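Before any comments, here is the structure.
These figures come from a predicted structure and were not determined experimentally. A note on names: the letters A, B, ... follow the listed sequences, proteins ahead of strands, and every chain is numbered from 1.
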Protein chains: 2
Amino acid sequence: MGRGRPRQFDRDEALDRAMRLFWTRGYQDTSIADLTDVLGIGSPSLYAAFGSKASLFRAAADRYEAGEGGRPFAALAAAPTARDGVEALLRGNVALFTKRGGPRGCLLTRATLSCPPSDTTVVAYLQRSRRDRLAALRTRLQTAAAAGEPLPSDDVDALAQYYDAQVQGLAVRALEGATRPALLRTVDLTMAAWDALSTR
Amino acid sequence: MGRGRPRQFDRDEALDRAMRLFWTRGYQDTSIADLTDVLGIGSPSLYAAFGSKASLFRAAADRYEAGEGGRPFAALAAAPTARDGVEALLRGNVALFTKRGGPRGCLLTRATLSCPPSDTTVVAYLQRSRRDRLAALRTRLQTAAAAGEPLPSDDVDALAQYYDAQVQGLAVRALEGATRPALLRTVDLTMAAWDALSTR
DNA sequence: GGGTTAATGTAGCGATCGACACAGAAAGGA
DNA sequence: TCCTTTCTGTGTCGATCGCTACATTAACCC
């Protein structure tokens, strides 16, 4: 298999720990020293395995989106109706943002507000990620509209941006320390608004 | 008046420029070198006038809240009804977050997500500021409830947190580059939801 | 003008940032 | 066994971080 000296750490586990650390402290406030400390490896090993801080973050964010972070959006797409999907998206994100023992809030939202513009590759990654999430919302609502489901508005684009704002608001409040029940009451209001606007 | 050598810069103007810079780049990504550059003064003058980066930020944030940043909340308190107040709060914040030639988003929201926990005085300031804003929302809704105005929910506390989340969502989206018309469509939906939930 | 007080410009402090040079260590292939 | 290849630990690079010592300059009071 490998020709040279074998790697002495589990790359996936290291990536997972890096992801948790970026999630906890944001992008800029997570230093290479912090990472090598938590990962238990030297900085040359980190750079050999991941290239740079920026590319390590992108790999960690990929892992976030492919795992926990992507689950609420998977639930959105899989739900039988758009209403169920949006509710699953919001409640799933509340659970994600307030999980016991885990970092609070959203890794991507936090990074978006704490990444210096000079790190262009990270900024570009975050922009693409945001576009993808908006597109996921829009397409789910679009298919619902095509299926004749009742929606709170005919403007699917505006709806997608509206529910994206709900998610971001929940993420910020979770980071500020809002409790899970408090965030769920906010989701209750958002879904009550869906119903009140849809039945006309 | 002054005993020693007079200050060679306008303290208020310097504070205003510092506020704009913190608003544009967040707390952590704004360095003392950036500040002395934009303010046109040396670092000893900055420290003599403002004490430290943390206390300069708090002074700049005070200026933000007393000026532009506080206007939407002043409109909330001054409006004849809670509905008008919330709408003025949201639309005022959209205008603030997308003002041409000015920084995008909210100075406080951005700082909340980009301030290292080690800067305890700034963290404490931001927490208190957030509590105050939530309290402003809650008391306005409370007086409306006492006056018998129709509200989207009987749970005033949940309502306050819900509209706080709306503001934060708008702030994040503005920072991500959302246009003013797009954010206003989101506010349209939020206010349509108010009406649909209030008329029962 | 002298003396006092305060703000300024230069220059640099120790610490930390992201990233890497270098040599030693551990594997496979011959 | 020796060579090649790859990873690991030590040490450190130049740059930047927030911050300040020091001498100088410019105002006031007398």
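Between dT8(D), dA7(C), dG18(D), one nucleotide has an atom nearer to the side chain of S31(B) than all others, and that is dG18(D). Closest contact between the side chain of A33(A) and the listed nucleotides dC17(C), dT4(C), dA19(C) involves dC17(C).
Using a 4.0 Å heavy-atom cutoff across all strands shown, F9(B) reaches sugar-phosphate atoms only and no base atom. Residue contacts shown for T30(B) are limited to sugar-phosphate atoms, with no base heavy atom under 4.0 Å away.
No salt bridge links R11(B) with D16(B); every basic N to acidic carboxylate O contact stays at or beyond 4.0 Å. For the pair R138(B) and D157(B), the salt-bridge criterion is met [side-chain N within less than 4.0 Å of a carboxylate O]. Taking a cutoff of 4.0 Å between a charged side-chain nitrogen and a carboxylate oxygen, E68(B) and K99(B) qualify as a salt bridge.
Rounding to whole angstrom units, CG of residue L35(A) and P of dC17(C) are separated by 11 Å. For the pair L56(A) CG and dA19(C) P, the computed distance is 10 Å after rounding to whole Å. Taking atom CZ on R3(A) and atom P on dA26(C), their separation rounds to 19 Å, with Å as the unit. Between the P atom of dG18(D) and the CZ atom of F57(B) lies a distance of 14 Å, rounded to the nearest Å. Spacing between atom CG of L46(A) and atom C1' of dT8(D) amounts to 13 Å, rounded to whole angstrom units. dA7(C) atom C1' lies 13 Å from atom CZ of F50(B), rounded to whole Å. The interatomic distance linking R7(B) (CZ) with dT25(D) (P) rounds to 21 Å, in whole Å. As a whole-Å value, the separation of R11(A) CZ from dT6(D) C1' is 15 Å.
Cation-pi geometry between R7(A) and F9(A) is satisfied (NZ or CZ under 6.0 Å from the ring centre, within 45° of the ring normal). For K53(B) and Y27(B), the positive end sits near the middle of the six-membered ring, less than 6.0 Å away and at most 45° from its axis.
Both I32(B) and Q8(B) lie near DNA chain D, and the one whose nearest nucleotide falls closer to the 5' end is I32(B). Place I41(B) and G4(B) on DNA chain C by their nearest nucleotides, and G4(B) ends up nearer the 5' end.
At dC7(D), none of the side-chain N or O atoms of S45(A) fall inside 4.0 Å of OP1 or OP2 (strictly under the cut-off).
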Q | Nucleic acid footprint by protein, nucleotides 20-25 of chain C - heavy-atom cut-off 4.0 Å, B for base, S for sugar-phosphate alone | A | BB--BB

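Grouping Ile, Leu, Val, Met, Phe, Trp and Tyr residues whose side-chain heavy atoms lie under 4.5 Å apart, directly or via other members, leaves L134(B) alone, with no other cluster members.
There is no side-chain donor-acceptor pair under 3.5 Å between T81(A) and E149(A).
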